[in-house]
Amino acid sequence: MPSPAKNPHLPFGDQRSAPWYGKDIISVKQFSRTDLEYIFGVAHEMRVMVERVGTFDLLKGKILASIFYEPSTRTSSSFIAAMERLGGNVININEVRYSSVAKGESLPDTIRTLECDADVIVIRHPELGSAAKAAEAAHKPVINAGDGVGEHPTQALLDAFTIHEELGRMDDLTVTMLGDLKYGRTVHSLSRLLSLYNAKLNYVSPDILRMPSEIIAEPEAKGMRQAEHRALDKPLPETDVLYVTRVQRERFEDPAAYEKLKSAYIISPEVMKAAKHKMIVMHPLPRVNEISYAVDTDPRAAYFRQMRNGMYVRMALLAAVLGKA
Ligand code: NCD
């Protein structure tokens, strides 16, 4: 369910009844099935508009402040592209060492500063809970672009949109998540989001990178079917969505432990022979070596299409929180 709206003073012409107007997007727990249908519908319209006209003026005059305390290529650039395709402007801070953060400014003060200039703030930060902390400090909507090992809600929304676009449904699917399920925030958000549907979840990981028990407990409480595996061979033949993740090197204290695990699973054309004819392989990207390049030409490889969907979903989310969807 959406959190209480911020920014109640709407400029003339904005849609006061828009359900996500003025809301923060911090966790996928805020979303219901109806919310997802709404976001998917708007994202689909955004795709049609971009393919037809490229750029249009829905958010003309609006400013997004985007601040990334952790590296990013896709998330950061797709938020920027989303805002610019909607005719808005962006303040982009991705080198926090050149900002006042380097002088010791606190997160709430940085956020209060950015909201003086912008209408919406996107933040990525290495600490779990940082996006919620930023949202508490801000009067303008804050969007979580990844808070450490916590959540990555906009990625889960674009993942769900991709599944919906590619397979035409969200129910009655077997989704197999593979790789670093302990530190991978995208799988944390996605398994929570899929618990809204009648899906079966398989978790395949090395023992020390298992899905955290508190995350398994949430879909469990909703009666969802979940199974843990150490090897992919058993769940692969029943899989409709194979969601591959990289081992998150930056979250390891011991580089030797990372080296031991980084090649635990590699998806190759040989491995894909055991998969269904109609299924998809997804990856939030960046990949390191967990999907071989030879798989890219397999029509089931959906990860580049998934990445493109990121811009449409983020266009929908920006329009929604700014009351223009
Ligand atoms: C993911 C992230 O940052 O959590 N990347 C992304 O946003 N597409 C996945 C990752 O870094 O492995």
Side-chain angles (χ1 to χ4, degrees), residues 25-28 43 64 66-83 92 94 96 122-132 134 142-163 175 177-194 203-206 209-212 215 241-252 257-258 261-267 280-291 296 301-315 317-318:
I25 298 176
I26 305 301
S27 164
V28 290
L64 159 69
S66 171
I67 183 159
F68 278 64
Y69 293 75
E70 273 191 346
S72 170
T73 307
R74 266 150 296 276
T75 307
S76 158
S77 61
S78 84
F79 266 115
I80 294 170
M83 194 63 184
N92 182 29
N94 55 18
V96 287
V122 169
I123 179 171
R124 169 171 288 188
H125 194 283
E127 251 169 61
L128 178 78
S130 51
V142 169
I143 303 179
N144 180 6
D147 61 332
V149 300
E151 279 218 35
H152 194 347
T154 67
Q155 179 72 43
L157 292 166
L158 78 89
D159 292 342
F161 179 66
T162 301
I163 296 172
V175 179
M177 299 182 183
L178 175 80
D180 185 347
L181 308 184
K182 178 177 180 188
Y183 297 120
R185 54 193 169 201
T186 65
V187 283
H188 299 168
S189 289
L190 186 59
S191 67
R192 282 181 172 138
L193 202 57
L194 289 172
Y203 304 125
V204 184
S205 71
L209 296 180
R210 288 167 62 184
M211 185 64 97
I215 295 188
V241 177
L242 176 62
Y243 193 97
V244 185
T245 64
R246 93 188 148 90
V247 177
Q248 307 271 302
R249 182 175 56 189
E250 65 276 30
R251 318 270 179 226
F252 279 76
Y258 166 74
L261 292 167
K262 73 171 187 200
S263 304
Y265 307 100
I266 295 178
I267 305 302
I280 52 170
V281 182
M282 297 176 68
H283 191 308
L285 302 173
R287 79 175 133 183
V288 181
N289 60 350
E290 54 284 345
I291 302 179
D296 295 359
Y303 29 94
F304 293 115
R305 301 191 290 274
Q306 174 188 359
M307 184 165 67
R308 182 144 184 85
N309 287 337
M311 185 179 77
Y312 305 129
V313 168
R314 292 180 173 121
M315 288 172 81
L317 295 172
L318 288 169

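Each ligand, and each atom within it, is numbered from 1 in the order the structure gives.
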**OP:** Please identify which atoms of ligand 1 are closer than 4.0 Å to at least one heavy atom of Leu285.
**Re:** 1 (C), 5 (N), 6 (C), 8 (N), 9 (C)
**OP:** For atom 3 (O) of ligand 1, find the nearest protein heavy atom and state the residue, atom name and distance (0.1 Å precision).
**Re:** Arg185 NH2, 2.9 Å
Original post:
Would you say Pro286 has any N or O atom under 3.5 Å from an N or O of ligand 1, going by distance alone?
Top reply: no
Subject >> Ligand-residue contact atoms, ligand 1 with His152, heavy atoms, under 4.0 Å >> reply: 2 (C), 4 (O), 6 (C), 7 (O)
Subject >> Side-chain H-bond candidate by donor/acceptor type, Ser205 with Asp180, under 3.5 Å >> reply: no
Original post:
Purely on distance, is any nitrogen or oxygen of Thr75 under 3.5 Å from one on ligand 1?
Top reply: yes
**OP:** Would you kindly say whether Gln155 and Thr186 are connected by a side-chain donor-acceptor distance under 3.5 Å?
**Re:** no
**OP:** Check whether the side chains of Gln306 and Asp159 place a donor and an acceptor atom closer than 3.5 Å, and report yes or no.
**Re:** yes
Original post:
Do we see a donor-acceptor contact under 3.5 Å between the side chains of Asp296 and Tyr303?
Top reply: yes
Subject >> side-chain contact (heavy atoms from CB on, under 4.5 Å) assessment of Met177 paired with His188 >> reply: CA-CA 10 Å; Met177 299 182 183; His188 299 168; over 6 Å; no
Original post:
Just checking, any donor-acceptor pair under 3.5 angstrom between side chains of Arg124 and Ser76?
Top reply: no
**OP:** Taking only heavy atoms of Arg246 into account, list the atoms of ligand 1 that are under 4.0 Å away from them.
**Re:** 10 (C), 11 (O), 12 (O)
Original post:
Among the heavy atoms of Met307, does any lie under 4.0 Å from an atom of ligand 1?
Top reply: no
Original post:
Heavy-atom contacts under 4.0 Å between Glu70 and ligand 1: side chain, backbone, both, or neither?
Top reply: neither
